[in-house]
Amino acid sequence: MLDIKFIRENLDMVKEGARKKRIDLDVMRLIELDDRRKEKRTEWEQLRARQKSESKRVPKADPEEKVGLLKELNELSARVSELEPEVKSIEEELKAGLLVVPNVPLDVVPEGKDDADNVEIRRVGEVPAFDFPIKDHIELGESLDILDFQRAARVSGSRTYYLKNEAVLLELALMHLSLDHIMSKGFSPYIPPYLVKRDPMVGTAYFPGGEEQAYHMERDGLYLIGTSEVPITSLHAGEILSHKDLPYYYAGFSACFRREAGTYGKDTKGLYRMHQFHKVEQVVICQGIPEVSQKEHDHILNNSEELLQMLELPYRVVEVCGGDLGLGQVRKYDIESWMPSRKSYGETHSASNFHEYQARRLNLRYRDPEGKVHFAHTLNNTVLASPRIFIPLLELNQQEDGTIRIPEVLRKYMGGREFIGKK
RNA sequence: GGAGAGAUGCCGGAGUGGUCGAACGGGCCGGUUUCGAAAACCGGUGAACUCUAACGGGUUCCGAGGGUUCGAAUCCCUCUCUCUCCGCCA
């Protein structure tokens, strides 16, 4: 969320930002609402002030005086309660409008409509050439008896899977390695609640707008998280932190649930786009200073790159363009890992900087050394999401005999195994 | 699921209709003292919105939302959360 004052003072910047994100926005409507809000609120406050001061005289007034006083106060009270709902409804409308005002992307963010316009920053690692015909991860998984899509479809519908045998070990090994890696960077591990109330969803800017993507437990008013970013970033909602404790480095491990509504034709095969997966996510809460959060942004990007290098996976980093940025993000880097069966890089990580956007919604603040209160900046990035990462991992490590070589770093998490499929 | 208790500032904890943004204690910040520190003593210490050039003023916030009243932290209703007991259960 942006501050209405900021919007007033930077009208062109806000309009330009929305344009760059390809989002329609009627800012003038909000300015008008805010004008009306101020007007009505001032009127109401003045009435309230009189009501309060006159009320105080009641107990000390003598009987005759009291009659007149109470009569006046009755009228005052009536006018106050008339005005109150007016003020409230204007404020609610304004708030609702402000919730969908996009954050302003940084100048470095390239122009563009969608992910096709993202700009490659660098490539790391060699894309290998195979001297035998390769299989995709689906074929590999089924022939090695570690994945089952068909039965999953019968039991749970589309975009679901069973992991079995070595795939289970691999999944857990990847998560464990990720956690160890990110902890070595000073991040505190968390397993958060997977079900959250509406507030954290709004606070992290998934709602309003993203309702279609979330599973909703109607009886309980709870939502299944699509990422641990939601409960982790919300951890300190409503608090005023001390600058001495910042930045907070958190790593959330959780299952993630996504409805994937509106993606019917897309990525229907294999492990790319699933309703449920596991992820270790890094979340940073830092001081609300752009230079500081930029440093953290590079920091969390680097953490994930290191992990991919440890896993020997070739990848590229892209600077995400305006049209592909979310509502709240000021800048985003995606990491895309090479996926042989897709013959392209596919998104496996996404590192976002929100500046104050989430913090303002979450009321997440800190006190600076002078004692002044500011909104924090929040950032997050994938450490590793699986089983999507199986795609490059299985496909790139396949051997001519159909077995799969397990990367060195994972072996100690898999009982010393070196291959999947070898007796 | 049933019965009960509670939710107050950074923390603990008073306050049951008016003068309460809130006693008292702790913490924290500043000062006195000291070679320095500790202790002691003195002073200060919430947030948001809004008016003002500034000094300063106004309004809101005592879990959330409604209600009663001239007036609500205090009374009533609903919800959320925490705790205790019973039941059920991974």
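The structure presented is a predicted model; accordingly, all values stated were derived computationally and were not measured. Chain identifiers are assigned alphabetically (A, B, ...) following the order of the sequence lines, protein sequences preceding nucleic acid strands; residue numbering begins at 1 within each chain.
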[N] to [M] separation - [atom1] atoms, rounded to the nearest Å:
N     : M     : atom1 : result
B/A54 : B/G17 : C1'   : 40 Å
B/A73 : B/G18 : C1'   : 13 Å
B/G63 : B/C11 : P     : 13 Å
B/G6  : B/U16 : C1'   : 15 Å
B/A39 : B/C75 : C1'   : 48 Å
B/U8  : B/G12 : P     : 7 Å
B/G46 : B/A22 : C1'   : 12 Å
B/A14 : B/G67 : C1'   : 27 Å

Within the pair [X] and [N], is there a side-chain N or O less than 4.0 Å away from OP1 or OP2?
X     : N     : answer
A/R37 : B/C49 : no
A/K38 : B/U59 : no
A/R41 : B/U59 : no
A/Q46 : B/G58 : no
A/K5  : B/U50 : yes

Quick check: does any side chain N or O of A/Q399 sit under 3.5 Å from a backbone N or O of A/N397, one acting as donor and the other as acceptor? yes
Check whether any side-chain N or O of A/Y366 sits under 3.5 Å from a backbone N or O of A/V373 as a donor-acceptor pair, and report yes or no. no
Length of the line joining [X]:[atom1] and [N]:[atom2], which is rounded to integer Å:
X      : N     : atom1 : atom2 : answer
A/E54  : B/C70 : CD    : C1'   : 10 Å
A/I240 : B/C11 : CD1   : C1'   : 14 Å
A/L69  : B/G18 : CG    : P     : 17 Å
A/D368 : B/C29 : CG    : C1'   : 14 Å
A/Y366 : B/A47 : OH    : P     : 15 Å
A/H374 : B/A48 : NE2   : C1'   : 15 Å
A/K244 : B/G27 : NZ    : P     : 15 Å
A/K66  : B/G18 : NZ    : C1'   : 11 Å

Any ion pair linking A/E16 and A/R19 (charged N to carboxylate O, less than 4.0 Å)? yes
Would you call A/R57 and A/E54 a salt bridge, using N to O less than 4.0 angstrom? yes
Scan [X] against the nucleic acid and name what it touches under 4.0 Å (heavy atoms): base, sugar-phosphate only, or nothing.
X      : answer
A/S77  : sugar-phosphate
A/K52  : sugar-phosphate
A/R198 : nothing
A/K372 : nothing
A/K197 : sugar-phosphate

Answer for the Watson-Crick or wobble partner of B/C20, both distances under 3.5 Å, is none
In Watson-Crick or G-U wobble terms, both distances under 3.5 Å, what is the partner of B/C49? B/G58
Atom CG of A/D136 and atom CD of A/Q398: how far apart are they, to the nearest 0.5 Å? 8.5 Å
Hey, which of these two, A/Q51 or A/D3, hits RNA chain B nearer its 5' end, going by closest nucleotide? A/D3
Quick check on RNA chain B: between A/K88 and A/L70, whose nearest nucleotide comes earlier from the 5' end? A/K88
Does CG in A/D245 sit with more than 12 non-hydrogen atoms of other residues, nucleotides or ligands closer than 6.0 Å? yes
Taking atom types as modelled, is there a side-chain donor on A/T382 or A/H349 under 3.5 Å from an acceptor on the other? no
